[in-house]
Every structure is written in C-alpha cells, then in structure tokens.
Amino acid sequence: MTKAETDLPISGFVAQETDFSKLFDRLGPSTEQAIRHEVIEPAVNAEHFPSNNQFCLITILGHSDRVDTAGLSSEQRRAKELDASDERASSAADWVFAQITDALNAAGETPPASVATATNFDIVTVPCGAANLMKLVPANEAERAQNRRVQFMISTFTP
C-alpha cells in the first residue's frame, strides 16, 4: 500500500466569522496555491482517474478561540466554541466540495452529486472547539485569529 499524508492549518478567521470562502478570499497566493495543490488536487485526481485505484480522505478540523464573554457559564462558553468550530469545518468542507466539483466539470467529468456519492474521495469534519489553541493566552486580535482556524488533514492511499 502506498500512503501519503498532509497537514495544512489555515488560520485568520475574524471574530465570529465561520465562512471559509471569506477567509480564502483574504489569503495570499502561496496559501491559496497550497490549498489547491494539497487539498483539492488529490481528491480530483482520485475521482477523475478511478483506474489508478487511488483514494483520498480529507479530514477538516475546525478550531475556535476561547469565548471570554462575561456572564456565560463554562458550559455555555464551551458550546459557543464548539458551534463556531463546527461551522468553520462545515463551511470549509462545502467550499472544498464545490472546488472539487468545479475541477471535475472543467475536466469533462460528471462530478458526484454529494460527498456521500463520491467514489474515490471522502470529506469528514471534526469540530474541536477551543481544545487545541495555538495561543493559550492571546495578547491581541492577531493571536486570537491564529486560534480561529481550520486544519486540513489529507490522506491519499493506494491499496
């Protein structure tokens, strides 16, 4: 079996933002290219060339900064953190699937109607809340933005 793995964190969501396409629009060209090369292309290749017997699993972890809103219980804060991370991961998954669909259409292929009907790739989301902070005690908004991120984990393999 041949296997390759990639871990690509993308941070920079503004406070309360969960729409990955808005974050993507603000990214620099090298980060955009990394996402296209490391995340989109392996899934497109796996689906476009099924005879290669290659498969691609894209796991998207959503992360949140700590919610420090006064008056909220710790359970309420954790729920808000988990919701934000879930929305970020889901938005990124929708964006990735749209990019894969567009690329397959451009290649003259009929894309799957949904991730569930894809043959050689899958996209899975995992909300992490604020359980894995990059900056435990952020000193400013830029450090908080590092905590608000999605993390693409791509595994490609050939049995």
[X] side chain near [Y] side chain, heavy-atom distance below 4.5 Å:
| X | Y | value |
| --- | --- | --- |
| R77 | T69 | no |
| L23 | R148 | no |
| E143 | D65 | no |
| P159 | N53 | yes |
| P112 | L104 | yes |
| E32 | F24 | yes |
| I40 | W95 | yes |
| T158 | N52 | no |

Can you tell me how far apart [atom1] ([X]) and [atom2] ([Y]) are? Round to the nearest 0.5 Å.
| X | Y | atom1 | atom2 | result |
| --- | --- | --- | --- | --- |
| F55 | E47 | CZ | CD | 9.5 Å |
| H63 | C128 | NE2 | SG | 4.5 Å |
| F13 | S91 | CZ | OG | 6.5 Å |
| S85 | I60 | OG | CD1 | 13.0 Å |
| R36 | E41 | CZ | CD | 9.5 Å |
| L61 | Q151 | CG | CD | 5.0 Å |

Shared hydrophobic cluster, [X] / [Y] (ILVMFWY, side-chain heavy atoms < 4.5 Å):
| X | Y | answer |
| --- | --- | --- |
| V44 | I35 | yes |
| M134 | V150 | no |
| V126 | I58 | no |

Write down the atom of [X], the atom of [Y], and the distance for their closest heavy-atom approach.
| X | Y | answer |
| --- | --- | --- |
| K135 | N147 | N-OD1, 2.8 Å |
| S11 | A145 | CB-O, 3.7 Å |
| V137 | R66 | CA-NH2, 4.0 Å |
| A93 | I123 | CB-CG2, 3.7 Å |
| E81 | S64 | O-CB, 3.3 Å |
| I154 | V39 | CD1-CG2, 3.7 Å |

Among L8, D7, V124, the one residue meeting side chain to side chain contact (heavy atoms under 4.5 Å, CB included) with M153 =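 For M153, the side chain to side chain contact (heavy atoms under 4.5 Å, CB included) test succeeds with only one of L8, D7, V124, which is D7.
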request  = Only one of T6, I100, T156, L57 passes side chain to side chain contact (heavy atoms under 4.5 Å, CB included) with P42; say which it is.
outcome  =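 Considering T6, I100, T156, L57, a side chain to side chain contact (heavy atoms under 4.5 Å, CB included) with P42 is found only for T156.
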ask   = Is any side-chain N of the basic residue among D68 and R144 closer than 4.0 Å to the acidic one's carboxylate O?
value =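 Salt bridge: yes.
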query = Does the pair E5/K3 count as a salt bridge with the N-to-O cut at 4.0 Å?
reply =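 Here E5 pairs with K3 in a salt bridge, since their nearest N and O are under 4.0 Å apart.
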request  = Determine, for F20 and R88, whether the Lys NZ or Arg CZ falls below 6.0 Å from the six-membered ring centre while staying within 45 degrees of the axis.
outcome  =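 Checked: cation-pi criterion not met.
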ask   = Should we say atom CD of Q16 is surrounded by more than 12 heavy atoms from elsewhere, each under 6.0 Å from it?
value =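 No, not enclosed.
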Side-chain donor or acceptor of T31 paired with backbone N/O of L27 under 3.5 Å =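 Not a single qualifying donor-acceptor pair exists.
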Step-by-step side chain to side chain donor-acceptor pair (under 3.5 Å) determination, Q33 to H37 = CA-CA 6 Å; Q33 182 60 26; H37 179 70; 5.1 Å; no
ask   = Can you check side-chain contact (heavy atoms from CB on, under 4.5 Å) on Q54 and F157, steps first, answer last?
value = CA-CA 6 Å; Q54 182 180 4; F157 54 93; over 6 Å; no
